[in-house]
Amino acid sequence: MKKVKKDDIQKIEEYLWEIPKSFREDMRVPARILANETLLDDILDDRSLSQLVNVACLPGIKKASLVMPDVHEGYGFPIGGVAATAHPEGAISPGGIGYDINCGVRLHVSKLQREEVENRLEDLTKELNAQIPSGMGKGGPIKVYADEMDEVLTKGAEWAIERGYGSKEDLQFIENNGRLPFADPGYVSAMAKNRGADQLGTIGSGNHFVEVDYVEEIYDDIIAQTYGLQKGQVVVLIHTGSRGLGHQVATDHIRSMMAAMPKYGIQLPDRELTCVPFNSEEGQDYFKAMCAAANFAWCNRQVISGGVANAWQTVFGKDGGQLRLLYDVAHNIAKVETHTTEDGPRKVIVHRKGATRAFGPGSDELPEAYAKAGQPVIIPGSMGTCSYVLAGAPKSEEMTFGSCCHGAGRRLSRTAAKKQVNAPVLKQELREKGILVEGSYRGIAEEAPIAYKDVDLVVDTVETSGIAKKVAKLKPMAVIKG
DNA sequence: ATGTAC
């Protein structure tokens, strides 16, 4: 396969680069990279750009194959990628969504200030760790079987709210109100349901976490006020997805799609791009299952919010107040949306893999309270650095199908990170910086700050590109990991 | 990411 070299990439505007369609004859659209030169140079040596070019070959892809500045290699598609295909006959590809269907983040805001929480940080960390199971394969206190699981898969976050995890007001602050209507549990295998049966309310491992932060800086006073963020305020960030259930949904449907592909005469440069027409039987089966797994993930994050609230109340009592949900947004998902393409406005299937929806002001997908501000875009950084709250801006519609980056983005593989990092030492270093970390040494090593790109650089790139606006910077105080 | 490899 022809490797992408710097000479093959044209700069088309500040922080926007293009690999033209002429680069390889199987490309159907150009490939575009949102990055500054430093971030671009970092990805020339790995497979990110080859994968980006491969995605440009998908049947029905519109306008361009895109990557955000936090891009890195993934299964078939790069992580940090966006691909929109023609609805209804264009491709749907599980690799464009990822194994962790509806991996996403939610942010809660507390009424407490940094100083008030700092005094009790040890206790709070212990309590969060006790309330929220983490780690590979770890189960939680709730068990959902048979009909009840089908209800979770259909209702999403609402299922948890009905059982006392959070309140009805939360729903409007979740992307799609925490429920995709096309979910059909009938397309989720018994094995997938079984793997998820005891995993509601658990964070899993890898980059998943529950983190306590304080607002270190406000960049946009008006939007911050709209979102209810103030300097010094303590917030809680939750990052997890659909656990073993979503993973099994991806596994099952990738397998059946691979078998079905010849029937549709689809040929692709990489078998990991497996896809079928969205409106084919296999495409619809996967889509319904993917929506169900997405609902499971929203339910999972909602149950975790309940665990966080319990820990909060235990440590701070009634005076600690509530943890209002600021927003919950997915970054591994496919959606049918209307966007402007080379055909004008039309329906497309937007694959976001390690990319966050970032709708600008005026979108009717936003809660009323945020209509003028734009959608909150939550960007978790790495463990010891910082995270950001951004607001979706108008240019995201023009440039990225209403999408933005999803984090700092890996620069080292998990294995490379483990080789370079001494976890006990890192844990102690972070403690000396005032950051308490609970998690396995393996998890801590794999997620070390050195394993990630510079989140400040990533965020500056998306802001300069105009797809999102900086609202606030969050500094970690305590992290619970798998 | 993931009962860390069909």
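Hydrogens, waters and symmetry mates are skipped; everything else that's a heavy atom, side chains included, is used. By convention in this document, chain letters (A, B, ...) are assigned in the order of the sequence lines, proteins followed by strands, and residues within each chain are numbered from 1.
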Practice item. Calculate, to the nearest 0.5 Å, the distance between atoms CD1 and NE2 belonging to A:Ile333 and A:His331 respectively. Key: 10.5 Å
Review point. Going by atom types only, do A:Arg243 and A:Thr202 share a side-chain donor-acceptor pair under 3.5 Å?
Key: yes
Exercise for review: Give A:Gly244 one of three labels, base, sugar-phosphate or nothing, depending on what nucleic acid heavy atoms sit under 4.0 Å from its own.
Suggested key: sugar-phosphate
Check your understanding: Expressed in angstrom and rounded to an integer, what is the separation of A:Tyr99 atom OH from B:dT4 atom C1'?
Key -> 13 Å
Check your understanding: Which part of the nucleic acid, if any, lies within reach of A:Arg410 when heavy atoms closer than 4.0 Å are counted: base, sugar-phosphate only, or nothing?
Key -> nothing
Exercise for review: Whole angstrom is fine here: how far is it from OH in A:Tyr441 over to C1' in B:dT4?
Suggested key: 21 Å
Pairs under 3.5 angstrom only: tabulate donor-acceptor contacts from the side chains of residues 91-103 of chain A to other protein residues two or more places apart or in another chain.
{"unit_1": "A:Ser93", "atom_1": "OG", "unit_2": "A:Leu273", "atom_2": "O", "d": "3.1"}
{"unit_1": "A:Ser93", "atom_1": "OG", "unit_2": "A:Thr274", "atom_2": "O", "d": "2.8"}
{"unit_1": "A:Asp100", "atom_1": "OD1", "unit_2": "A:Ser242", "atom_2": "N", "d": "2.9"}
{"unit_1": "A:Asp100", "atom_1": "OD1", "unit_2": "A:Ser242", "atom_2": "OG", "d": "3.4"}
{"unit_1": "A:Asp100", "atom_1": "OD2", "unit_2": "A:His208", "atom_2": "NE2", "d": "3.0"}
{"unit_1": "A:Asn102", "atom_1": "OD1", "unit_2": "A:Arg301", "atom_2": "NH2", "d": "2.9"}
{"unit_1": "A:Asn102", "atom_1": "ND2", "unit_2": "A:Ala294", "atom_2": "O", "d": "2.9"}

Check your understanding: Can you check the A:Glu447 CD to B:dT4 C1' distance for me, whole Å?
Key -> 14 Å
Practice item. With heavy atoms under 4.0 Å as the rule, sort A:Glu446 into base, sugar-phosphate or nothing. Key: nothing
Exercise for review: Remember a base hit wins even if backbone is also touched, and classify A:Met191 as base, sugar-phosphate or nothing at under 4.0 Å, heavy atoms.
Suggested key: base
Check your understanding: Under the side chain to side chain donor-acceptor pair (under 3.5 Å) rule, what pairs show up with a residue in residues 143-154 of chain A, not counting sequence neighbours?
Key -> A:Asp150-A:Lys193
**Study point:** Spacing between A:Ile79 atom CD1 and B:dT2 atom P, to the nearest angstrom
**Key:** 13 Å
Practice item. Could you verify whether a donor N or O on one side chain and an acceptor N or O on the other, from A:Tyr452 and A:Glu447, lie under 3.5 Å apart? Key: yes
Practice item. Whole angstrom is fine here: how far is it from CG in A:Asp100 over to P in B:dT4? Key: 15 Å
Practice item. Using atom CG of A:Asp252 as one end and atom P of B:dC6 as the other, report the distance to the nearest whole Å. Key: 13 Å
Review point. OP1 or OP2 of B:dT4 sitting under 4.0 Å from any side-chain N/O of A:Ser205?
Key: no
Practice item. Determine: side-chain N/O of A:Arg255 to OP1/OP2 of B:dC6, distance under 4.0 Å, yes or no. Key: no
Review point. In whole Å, what is the span from the NZ atom of A:Lys138 to the C1' atom of B:dT2?
Key: 16 Å
Point to revise | Integer-rounded Å distance: B:dT4 C1' and A:His208 NE2 | key: 15 Å
